[in-house]
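Labels below follow one simple rule: chain letters A, B, ... track the order of the sequence lines, proteins then strands, and each chain is numbered from 1.
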Amino acid sequence: MVRRQILFPEFFARPTLKVARDILGKFLVREIGGREMAAMITEVEAYAGPQDLASHASRGKTPRTEVMFGKAGNWYVYLIYGMHHCLNVVTEKEGYPAAILVRGVEGVYGPGRVCKRFKINLLQNKKPSAKKTKLWVEDRRIKITPRDISRGPRIGVDYAGKWKDKKWRFYLA
DNA sequence: ACAAGGATACCT
DNA sequence: GGTATCCTTGTC
């Protein structure tokens with residue numbers, strides 16, 4: 001039996017780049033129809049702070065981005081290009097807008113594909129990562145060392161000026 | 001190479 | 001009210 005520990009808000013209420021590294025190797029778990037599906041998180045991107053032009057929150061607090069200013073551990077889900085959902089988890093302390101985009105899990109590469117596979121849509125937006133919401137992150141004691149982690153620039157943010165070059169994408173080889 | 005698709009933010 | 005834009009993907 002694998003030892004499992006659901007991650008609490010405290011895990012997410014830390015510097016975003018640190019959480020981004022730490023969440024690699026953790027498991028995204030979804031309960032659908034009484035059954036659980038899970039996959040190891042393998043690729044993420046950090047979006048941190050009001051200055052980050054790649055972040056939706058750079059334009060301030062709006063109905064959409066309000067959740068990024070809220071409590072760590074809440075989900076931020078949005079629809080992109082009219083057809084794909086992107087799953088983020090809010091980080092840092094309340095009032096500081098930041099989140100981590102889940103770009104890939106084991107066997108599923110691409111933020112839209114992750115949401116499609118895990119049946120994630122706007123219903124999950126602003127809800128906490130917790131068992132009661134049927135969508136959460138848990139630690140299954142997979143050991144990840146710094147050598148396992150690669151980093152590079154974020155995808156699809158060429159409009160973000162100097163922020164586009166920041167190596168805030170982290171992934172397992 | 002590029003169309004699809006709809007919510008969002010920011011105009012008039 | 002109109003419209004440019006978008007943290008993408010699948011098919012062309």
(request) Please list, in 5' to 3' order, the outermost nucleotides of DNA chain B lying under 4.0 Å from any heavy atom of chain A. (result)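 Reading along DNA chain B, I get B/dA4 to B/dC10.
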
(message) Quick check for you: name the first and last nucleotides of DNA chain C, 5' to 3', having an atom under 4.0 Å from a heavy atom of chain A.
(response)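 Using the under 4.0 Å cut-off, the span is C/dC6 to C/dG10.
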
(request) Test ring pair (Phe, Tyr, Trp, His ring centres under 6.0 Å) on A/Y78 and A/H85 and set out the steps. (result) CA-CA 6 Å; A/Y78 61 88; A/H85 294 279; 8.8 Å; no

Tell me whether the NZ or CZ atom of [X] lies within the 45° cone about the ring axis of [Y] and under 6.0 Å from its centre.
| X | Y | answer |
| --- | --- | --- |
| A/R154 | A/Y47 | yes |
| A/R151 | A/F170 | no |
| A/R14 | A/F11 | yes |

(request) Please tell me which of A/M83 and A/L122 maps to the more 5' nucleotide of DNA chain B, matching each residue to the nucleotide holding its nearest heavy atom. (result)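 So the residue in question is A/M83.
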
(request) By nearest nucleotide on DNA chain B, pick out whichever of A/L79 and A/T62 is the more 5' one. (result)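 By nearest-heavy-atom nucleotide position, the 5'-most residue is A/L79.
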
(request) Let me have DNA chain B in dot-bracket notation, would you? Count Watson-Crick plus G-U wobble pairs, both distances under 3.5 Å, and use [ ] for pairs crossing earlier ones and | for inter-strand partners. (result) ||||.||||||.

(request) Would you mind classifying the nucleic acid contact of A/R154 as base, sugar-phosphate or nothing, using non-hydrogen atoms under 4.0 angstrom? (result)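 Contact class for A/R154: none.
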
(message) For a 4.5 angstrom cut-off between non-hydrogen side-chain atoms, does A/W75 reach A/N88?
(response)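 A side-chain contact is absent here, since even the closest heavy-atom pair is not under 4.5 Å.
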
(request) Ignoring hydrogens and angles, tell me if any N or O in the side chain of A/E31 forms a donor-acceptor pair with the backbone of A/L135 under 3.5 Å. (result)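 The answer is no, because no donor-acceptor pair under 3.5 Å joins these two groups.
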
(message) Just checking A/R117: does its CZ atom have more than 12 heavy atoms from other residues, nucleotides or ligands closer to it than 6.0 angstrom?
(response)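 No, not enclosed.
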
